[in-house]
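Since this is a predicted model, take the numbers as computed values, not measurements. Order of listing sets the numbers, starting from 1, for every ligand and every atom in it.
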Amino acid sequence: MAEGEDARRAELSANLARVRDRIAAAARAAGRDEQPRLIVVTKFHPASDVRLLAELGVTDVGENRDQEASAKAAELAHLPLVWHFIGQLQTNKAKSVVRYAHTVHSVDRPALVTALGKAMAGSGREDRVSCLIQVNLDPAASSGRGGALPEEVPALAELVDGTARLALAGVMAVAPLGRDPAAAFGRLRAVSEHLRERYPEATMISAGMSQDLEAAVASGATHLRIGTNVLGPRPAVR
Ligand SMILES: *Cc1c(COP(=O)(O)O)cnc(C)c1O
């Protein structure tokens with residue numbers, strides 16, 4: 001058992017080092033002084049992996065299903081981890097998500113903003129939950145990757161900004177499948193710039209996964225969501 005854990009720690013440590021090198025190289029290539037922040041996406045992987053990651057210096061973790069995330073966050077509540085909710089979110093899960101999430105990356109419709117506001121009001125939390133507006137970068141395709149249309153972002157931003165206990169923190173996107181991620185992330189950067197004219201504090205750009213982190217860093221991503229290249233392939237069964 002301890003041996004298996006040592007092997008897993010070594011594997012995660014090596015993977016993390018490779019990903020951090022890639023991020024550093026991409027930031028250098030883009031002439032950026034500040035490195036984007038790494039969020040390790042731990043969905044489908046056990047809480048024991050999240051604990052090992054914390055021991056290896058990971059501070060931010062991402063999850064996309066409330067049931068799984070809430071169980072892990074409860075089990076690991078003693079660790080100084082920042083939990084990011086990155087998946088499509090049903091309004092009836094808002095109450096649960098605000099028990100552990102520091103940032104919700106997938107705010108994509110008015111009903112969810114209302115639900116998050118209500119959930120925060122009833123949560124006893126004194127702080128604000130950070131909200132990123134998820135932007136659909138491929139409106140033509142019915143790729144099902146989610147998000148608000150770019151033209152819907154201003155109204156959604158106003159709603160988040162006007163809701164108590166929600167902090168408008170920026171934008172998030174997933175690159176369209178099978179298309180040039182650089183072009184898509186360029187569109188996301190434009191949406192972010194437009195948003196920041198009105199809300200200068202909404203500086204977060206959450207973009208970039210294992211396959212496209214370089215393109216995201218080149219387009220100004222401030223937060224990268226990396227799963228597979230740190231943890232290995234996700235178990236196929238869910
Ligand atoms: C799973 C997931 C990721 C991580 O993807 P990898 O390809 O495993 O790095 C990032 N963002 C979202 C929204 C995800 O659901």
Side-chain angles (χ1 to χ4, degrees), residues 11-12 14-23 25-26 36-47 49-50 52-53 56 58-70 72-73 81-90 93 97 100-109 112 130-138 141 143-148 169-182 184-185 187-188 191-192 204-238:
E11 183 183 6
L12 292 175
N15 289 349
L16 262 179
R18 267 195 298 274
V19 166
R20 291 206 163 108
D21 282 350
R22 269 175 76 194
I23 296 171
R37 216 173 163 93
L38 170 63
I39 299 168
V40 179
V41 177
T42 49
K43 64 189 185 195
F44 302 117
H45 293 282
D49 278 351
V50 185
L52 288 174
L53 288 168
L56 293 167
V58 168
T59 54
D60 291 73
V61 292
E63 289 280 339
N64 73 336
R65 291 190 304 162
D66 171 59
Q67 206 181 3
E68 180 182 342
S70 59
K72 283 184 202 164
L81 287 167
V82 175
W83 293 85
H84 297 255
F85 192 84
I86 64 170
Q88 281 181 12
L89 181 53
Q90 293 170 275
K93 299 285 167 62
V97 164
Y100 57 86
H102 175 275
T103 304
V104 176
H105 290 231
S106 45
V107 176
D108 60 354
R109 61 198 190 282
L112 182 56
S130 294
C131 294
L132 304 184
I133 297 182
Q134 183 175 354
V135 183
N136 180 350
L137 295 178
D138 194 16
S143 61
R145 307 210 111 186
V171 294
M172 175 273 212
V174 178
L177 274 174
R179 306 267 210 90
D180 174 18
F185 291 145
R187 291 198 294 284
L188 182 65
V191 171
S192 167
M204 280 179 71
I205 301 179
S206 166
M209 310 181 7
S210 294
Q211 296 305 310
D212 55 24
L213 81 84
E214 282 81 7
V217 172
S219 288
T222 63
H223 291 69
L224 307 167
R225 309 179 308 270
I226 312 295
T228 311
N229 281 4
V230 173
L231 287 139
R234 288 181 276 278
V237 194
R238 53 186 296 178

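At a cut-off of 3.5 Å, with distance as the only test, no side-chain donor of R37 or T222 sits close to an acceptor on the other residue. No hydrogens or angles considered: nothing links the side chains of H102 and H84 as a donor-acceptor pair under 3.5 Å.
The protein atom (non-hydrogen) at minimum distance from atom 11 (N) of ligand 1 is R225 NE, 2.8 Å. Of all protein heavy atoms, the one closest to atom 8 (O) of ligand 1 is T228 OG1, 2.5 Å. Remark: minimum distance from atom 9 (O) of ligand 1 to any protein heavy atom is reached at S210 OG, 2.6 Å. With hydrogens left out, the protein atom closest to atom 12 (C) of ligand 1 is I86 CD1, 3.5 Å, a heavy atom. Closest to atom 5 (O) of ligand 1 among all protein heavy atoms lies M209 CE, 3.5 Å. Looking from atom 14 (C) of ligand 1 to the surrounding protein, the closest heavy atom is K43 NZ, 3.0 Å.
The side chain of R234, and not its backbone, has at least one atom closer than 4.0 Å to an atom of ligand 1 (non-hydrogen atoms only; side chain from C-beta on). Residue contacts with ligand 1 for Q211 are absent, since no atom lies close enough (heavy atoms, distance under 4.0 Å).
Ring geometry, W83 versus Y100: the interplanar angle exceeds 60°, so the pair is classed perpendicular (tilted spans 30 to 60°).
Residue N229 places no heavy atom under 4.0 Å from ligand 1.
Across all non-hydrogen atoms, the minimal contact from E63 to K72 is OE2-NZ, 2.7 Å. Across all their heavy atoms, I205 and G220 have their closest contact at CD1-O, 3.7 Å.
Close approach to I226 involves these atoms of ligand 1, each under 4.0 Å from a residue heavy atom: 9 (O).
Using a 4.5 Å heavy-atom threshold, the side chains of V107 and L132 count as separate.
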Please evaluate residues D21 and V19 with respect to the criterion side-chain contact (heavy atoms from CB on, under 4.5 Å), reporting the C-alpha separation (whole Å), side-chain torsions for both, the decisive distance (0.1 Å), and the verdict. CA-CA 5 Å; D21 282 350; V19 166; over 6 Å; no
Audit row: K43, E68, salt bridge (charged side-chain N to carboxylate O under 4.0 Å, His left out) steps and yes/no: CA-CA 8 Å; K43 64 189 185 195; E68 180 182 342; over 6 Å; no
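By the 3.5 Å distance cut-off applied to N or O atoms, G227 is counted among the residues near ligand 1.
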